[in-house]
Amino acid sequence: MKKVLVACGGAVATSTVAAGKIKGLLKENNIEADVQQCRVSELASKADSADLIVTTAKVDRDYGVPVIHGIAYISGVGIDKTNQEVLDNLRS
Amino acid sequence: MAVIEYILDLGPTVMLPLVILVLGLLLRQGIGKSLRAGIMVGVGFVGVNLVIGLLTDNLGPAAQDMAERFDLGLSVVDIGWPGASPMAWASSIGTIAIPVAVLVNIAMLVLKMTRVVNVDIWNIWHMTFTGAIVHIATGSFWLGIVGVIIHSAFVYKLGDWFAPVTQKHFGLEGIAIPHGSGTWSAPFAVVIDSILDRIPKIKKLNFNSEKIEERFGVVGEPVVIGAFLGLVIGFLAGYPLSDILPLAIQMGAVMVLMPTVVKFIMEGLVPIADAARGILDKRFQGKEYYIGLDPALLLGNSQVVAASLIFVPLTILIAVIFPGNEILPFGDLATIGFFISMAVGIHHANLFRTLISGTFIMVITIWIANMTIGFHTKLAENAGTIDGGQVASLDQGGSPITFILTELLQPQNIIPLIIIGGLYVFSVIFTYLKFKRGKMYDEEKTTGVESE
C-alpha cells in the first residue's frame with residue numbers, strides 16, 4: 001500500500017483539513033493508501049517510507065520523494081488540479 | 001435556564017460537542033456529519049487533557065526541583081499553542097467566537113476595511129484566547145466578546161499590511177496571513193529592520209543559513225527536542241538516572257502525541273469551517289480579495305526552518321537569562337518558527353537581522369507570558385485540564401494584543417503596560433505608515449552580502 005505524508009507546521013490544523021480531503025479523494029477513486037499527518041520538521045526523517053508528500057507549507061527542500069504543494073486544499077483555489085496531481089502520482 | 005446550567009456544569013468536553021452539533025445542524029451539514037464532528041471535538045479534549053497531564057505531572061515537578069536547586073525561575077511549564085488552543089475553545093467565549101470572528105470579517109469586507117477573506121477557522125482560537133482571558137480578568141462575558149472583536153479586526157488589518165511580504169517574499173499569490181504569532185510580532189521586525197538599515201557596517205551584515213538545516217535538522221525534530229529537554233531537566237533536577245531516562249522518553253512522547261490529539265478538535269471543526277468558507281467564498285471572490293490562511297504556510301520555507309532551529313536553544317537561553325522569568329519553554333519549541341516566520345520575510349531572509357528581531361520578539365513574549373500565568377492557569381482550570389499547579393504558554397499567552405487589551409480593562413502591571421504598549425503601538429503605527437507608502441516589501445532591496 002502506498003503511503004502519503006501530509007505535512008504542515010504543527011500537524012494540527014491545515015494538514016488535518018488536507019488529509020481529510022485527500023482521504024475522501026482516494027476513496028472516491030478506489031485507491032488504497034495510508035494517509036498520515038506530520039510536522040514539516042519531521043519530513044526529513046519520515047520521507048524515506050513515503051511515496052508522496054503533500055504539504056500546505058511551501059517547502060523548498062528535496063526529500064527524494066515527489067512533493068505536492070497542497071495549499072489548494074485550504075484555499076479552495078485550484079483544487080481540481082491538485083487532486084489530479086495527487087491521483088497521477090499515486091497511480092503511476 | 002436550568003437546562004442550560006445543567007449542560008454548562010457538564011464541562012467543556014460535553015458542552016462544545018453539543019455546540020458543534022447544533023451549529024452543524026444550523027449550517028445544514030446533516031445529522032450524521034454534525035454528530036461525528038461534535039464527538040470528535042470531545043475526543044480531542046479528552047486526548048489533550050491526557051497529554052497535558054503527562055506533561056505537567058512529570059515535567060512540572062522536575063522543573064520545580066531544578067528551579068529550587070539552581071535558584072532559577074523556570075518552574076511553570078509552557079504548554080504551547082497545542083495546549084493553549086483547546087483551553088480557549090473550551091471557554092464559554094469559545095462557544096460563540098467563530099460566528100463573532102466571521103461576522104467581524106464580513107462586516108469589514110462589506111465596508112471595504114479589509115481585503116482579507118479569512119477562511120482559516122482554526123486560528124480563530126487566538127482571538128478566542130484573548131476574549132477568554134479578558135473574560136477571566138474582568139469577569140464580564142461581553143467584554144470578552146469585545147476582546148474577540150478587537151483582536152480579530154486588528155489581525156485582519158495585519159493580514160492586509162503584511163500581504164506584500166506574504167506574496168512577494170514567500171511567493172504565496174493572493175494570500176494573506178491574518179493571525180498567529182508570526183503576524184502579531186511582525187511590526188517589531190519592521191521597526192528593527194528600519195533601524196538596522198541606518199547603522200553603517202551593521203546594515204551589510206548577514207549570515208549564511210544554507211547549511212543549518214542539513215547539519216542540525218535531526219536535532220530540530222520535535223521528538224528529539226522533547227527527549228533532550230527531559231534529559232537535561234531531569235539531570236538538573238538531581239534525579240537518579242532511573243528517573244531521568246523515563247522523563248526523557250515521556251517528554252519525547254508529549255511532543256509526538258500533542259498534535260495527534262489536538263488534531264481531533266480540528267477534525268470536529270472541519271464541517272463548520274467548510275460551511276463558513278462556503279458563505280465567504282460565495283460573496284467575496286475575485287482579484288481584490290486575499291484568502292486569509294494559516295501561518296503554517298510559512299514554516300516550510302528553508303530560511304524560516306534555519307532560523308527556527310537556532311531559536312529553539314536561543315529561546316531557552318533567553319528564558320534562563322531573563323530576570324525573574326518563571327516559564328520553562330517547552331510546548332511552543334516544536335513550532336518556534338511561527339514567532340519569527342513573517343520577520344524572515346520582512347528582513348529579506350537576512351539571518352543576522354532575523355536573529356536580532358527574533359530575540360527582541362522572544363524577550364517581549366516571555367515577559368508578557370510571565371504576567372499572564374495567573375489568568376492562563378484559571379483558563380486551564382476552567383477547561384478541566386489541570387487541577388493544581390500553574391501553566392503558561394508563549395503562544396498566545398505571550399502576545400501583546402491579549403496583554404494590552406486585558407491590562408487596559410483591568411490594570412495590574414502598569415509599568416510593563418506602558419513599556420510594551422508604547423513599543424507595540426509605535427511599531428504598529430510605523431508599520432501602517434510604511435504600508436501606506438507602498439514600501440512594505442521592496443523587491444529590489446538587498447540587505448548585505450552573505451558571509452560565512
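Note on naming: letters A, B, ... go to the chains in the order of the sequence lines (proteins, then strands), and numbering restarts at 1 for each one. Bear in mind the structure is a predicted one, so any value in this text is a computation, not a measurement.
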Greatest number of heavy atom pairs closer than 4.5 Å to chain B - which of [options]:
options                    : value
A/C8, A/S45, A/A19, A/A44  : A/S45
A/G10, A/A7, A/C38, A/G20  : A/G10
A/T14, A/I71, A/T55, A/L43 : A/I71

With a 4.5 angstrom heavy-atom cut-off, which part of [X] approaches chain A: side chain, backbone, both or neither?
X      : value
B/F170 : backbone
B/I175 : side chain
B/V270 : side chain
B/D274 : side chain

(Q) If we define contacts as heavy-atom pairs under 4.5 Å, which of B/G174, B/P259, B/G80 has the most with chain A? (A) B/P259
Q) In Å, rounded to the nearest 0.5 Å, how long is the span from CD1 of B/I291 to CD1 of A/I74? A) 11.0 Å
Q) Going from OG on A/S15 to NZ on B/K263, what distance comes out if it is rounded to the nearest 0.5 angstrom? A) 8.0 Å
Between [Y] and [X], is there a side-chain heavy-atom distance shorter than 4.5 Å?
X      : Y      : result
B/V304 : A/K58  : no
A/R39  : B/P222 : yes
A/T16  : B/W122 : no

Q.
Would you say that more than 12 heavy atoms from the other residues, nucleotides or ligands in this model lie under 6.0 Å from the CD of A/E32, or not?
A.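 12 or below, so no.
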Q.
Does B/F228, at its CZ atom, have more than 12 non-hydrogen atoms belonging to other residues, nucleotides or ligands within less than 6.0 Å?
A. no
Q | chain B contact via A/V59 - which portion, at a heavy-atom distance below 4.5 Å | A | both
Q. Can you say whether A/K21 sits under 4.5 Å from chain B via the side chain, the backbone, both, or neither, judging by heavy atoms?
A. side chain
[X] to [Y] - nearest heavy-atom pair and separation:
X      : Y      : value
A/S75  : B/L293 : CB-CD1, 4.0 Å
B/D294 : A/A13  : OD2-CB, 3.7 Å
A/G9   : B/A296 : N-CB, 3.6 Å
A/S41  : B/E221 : O-CG, 3.3 Å

**Q.** Test applied, side chain to side chain contact (heavy atoms under 4.5 Å, CB included); reference residue, A/V12; option that passes from B/T335, B/V262, B/T260
**A.** B/V262
